[in-house]
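The structure under discussion appears below in the form of structure tokens.
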Amino acid sequence: MNLTLNLVTVEHSEHKALLRQKTAQIPFPLSPEIQQLIRAMKEKVMALGGVGLAAPQVGHALNLCVYVISEKAKLRRADAAETIPLTVLINASYEPLFGATEKKCDDWESCFSVTSTSKKVARYRRIKYTAQDELGNTIKGIAKGFTARVLQHEIDHLNGVLIIDL
Ligand code: NI
């Protein structure tokens, strides 16, 4: 069965309040419905040609996002140092690597849920993040540069924060 996902936007969607909610933690093992949602989100982010997609953007207030940095996306950013395969993050959070002393840098961002604008957003250069994979294993990592930017953007969605707030 295919799940059709429609994008929720702040400008047009009747469900836009979803974008402002703090999302719910997801229990393990994943239900068949969540597994189906994850498959559909992977397909959607690839179909959109995006670097990330968070569950609230497709109508679900769940702590779940997918991200991917293709070679093409990497080439567009001076601070992109790596490609990342399509990855699922569940129950994700992040913090700046060295707390309040971690530096931020500005760069352009756009968002499928904010169709009216692209803007420069100040993001931490380095973060540490934690999440779970689809089996419930803990994922911990340090991300830098563009990867850190993408993760901050997507995990912010899981806390109801959009680029227009920053
Ligand atoms: Ni976004």
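The analysis underlying the following values was restricted to heavy atoms, covering all of them including side chains, and did not include hydrogens, waters or symmetry mates. Because the structure is a prediction, the values reported are computed rather than measured. Counting from 1, the numbers follow the sequence of the chain as shown.
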Report the C-alpha distance between Glu109 and Val114 in whole Å, list the side-chain angles of each, state the deciding distance to 0.1 Å, and finish with yes or no for side-chain contact (heavy atoms from CB on, under 4.5 Å).
CA-CA 10 Å; Glu109 291 186 24; Val114 185; over 6 Å; no

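The CD1 atom of Ile163 sits 6.5 Å away from atom OG1 of Thr117, with the distance rounded to the nearest 0.5 Å. In this structure, Leu18 CG and His60 NE2 are separated by 9.0 Å, a value rounded to the nearest 0.5 Å. In this structure, CZ in Arg125 is found 12.0 Å from NZ in Lys104, a value given to the nearest 0.5 Å. The distance from the NZ atom of Lys144 to the CG atom of Leu151 is 13.5 Å, given to the nearest 0.5 Å. For the atom pair CD of Glu134 and CD of Gln35, the computed distance is 8.0 Å after rounding to the nearest 0.5 Å. For the atom pair Gln36 CD and Leu3 CG, the distance stands at 4.5 Å (nearest 0.5 Å).
The backbone N or O of Leu135 lies less than 3.5 Å from a partner atom in the side chain of Asp133, making a donor-acceptor pair. Asn91 contributes a side-chain N or O that, together with a main-chain N or O of Ile26, makes up a donor-acceptor pair within less than 3.5 Å. Distance alone, capped at 3.5 Å, is enough to place a donor-acceptor pair between the Glu11 side chain and the Ser116 backbone. The backbone N or O of Ala148 lies less than 3.5 Å from a partner atom in the side chain of Gln152, making a donor-acceptor pair.
Connection of Leu30 to Leu64 is established within a shared hydrophobic cluster, with ILVMFWY side chains joined at heavy-atom distances below 4.5 Å, either directly or through further cluster members. Under a hydrophobic clustering in which Ile, Leu, Val, Met, Phe, Trp and Tyr are joined whenever their side-chain heavy atoms come within less than 4.5 Å, directly or via other members, Ile38 and Val8 fall into different clusters. The hydrophobic clustering, which links ILVMFWY residues whose side-chain heavy atoms are closer than 4.5 Å, places Ile69 and Ile139 together. No chain of hydrophobic side-chain contacts below 4.5 Å, direct or via other Ile, Leu, Val, Met, Phe, Trp or Tyr residues, connects Leu158 to Leu162. Grouping the Ile, Leu, Val, Met, Phe, Trp and Tyr side chains by contacts below 4.5 angstrom, directly or via other members, places Leu19 apart from Phe112.
At least one side-chain heavy atom of Leu48 sits less than 4.5 Å from a side-chain heavy atom of Leu7. In this structure, Asn63 and Gln132 have side chains that are not in contact, with every pair of non-hydrogen atoms separated by 4.5 Å or more. Between Lys128 and Glu95, some side-chain heavy-atom pair lies under the 4.5 Å cut-off. Contact annotation: the side chain of Leu89 never approaches that of Tyr94 to less than 4.5 Å [non-hydrogen atoms, C-beta and beyond]. In this structure, Val10 and Ser113 have side chains that are not in contact, with every pair of non-hydrogen atoms separated by 4.5 Å or more. Side-chain contact check for Met41 versus Val58: some heavy-atom pair is nearer than 4.5 Å. No side-chain heavy atom of Val45 sits under 4.5 Å from any side-chain heavy atom of Tyr67. Looking at heavy atoms from C-beta onward, Ile127 lies out of side-chain contact with Ile155 at the 4.5 angstrom threshold.
Val68 approaches Pro85 most closely through the heavy-atom pair CG2-C, 4.1 Å. Across Leu62 and Ala55, no two heavy atoms sit closer than the pair O-CB, 3.5 Å. In terms of heavy-atom proximity, Cys65 sits nearest to Glu154 at SG-CB, 3.9 Å. When all heavy atoms are compared, the tightest approach of Arg149 to Asp106 is NH2-C, 3.6 Å. Closest approach of Glu102 to Arg126, counting heavy atoms only: OE2-NE, 2.9 Å. Among all heavy-atom pairs drawn from Thr9 and Lys16, the shortest one is O-CB, 3.6 Å.
Among residues at least two apart or in separate chains, ring pair (Phe, Tyr, Trp, His ring centres under 6.0 Å) pairs with a member in residues 141-166 are His153-His157.
Checked options Leu37, Leu86, Leu53; the residue passing with Lys42 is Leu86 (criterion: side-chain contact (heavy atoms from CB on, under 4.5 Å)).
Side-chain contacts under 4.5 Å among hydrophobic residues (ILVMFWY), followed directly or transitively, place Leu97 together with Phe98, Ile142.
Judged as a side chain to side chain donor-acceptor pair (under 3.5 Å), and not counting sequence neighbours, the contacts of Arg77 are Asp107.
Ion pairing between Asp156 and Arg123 holds under the 4.0 Å rule for side-chain N and carboxylate O.
Other residues, nucleotides and ligands contribute at most 12 non-hydrogen atoms within 6.0 Å of the NZ atom of Lys103.
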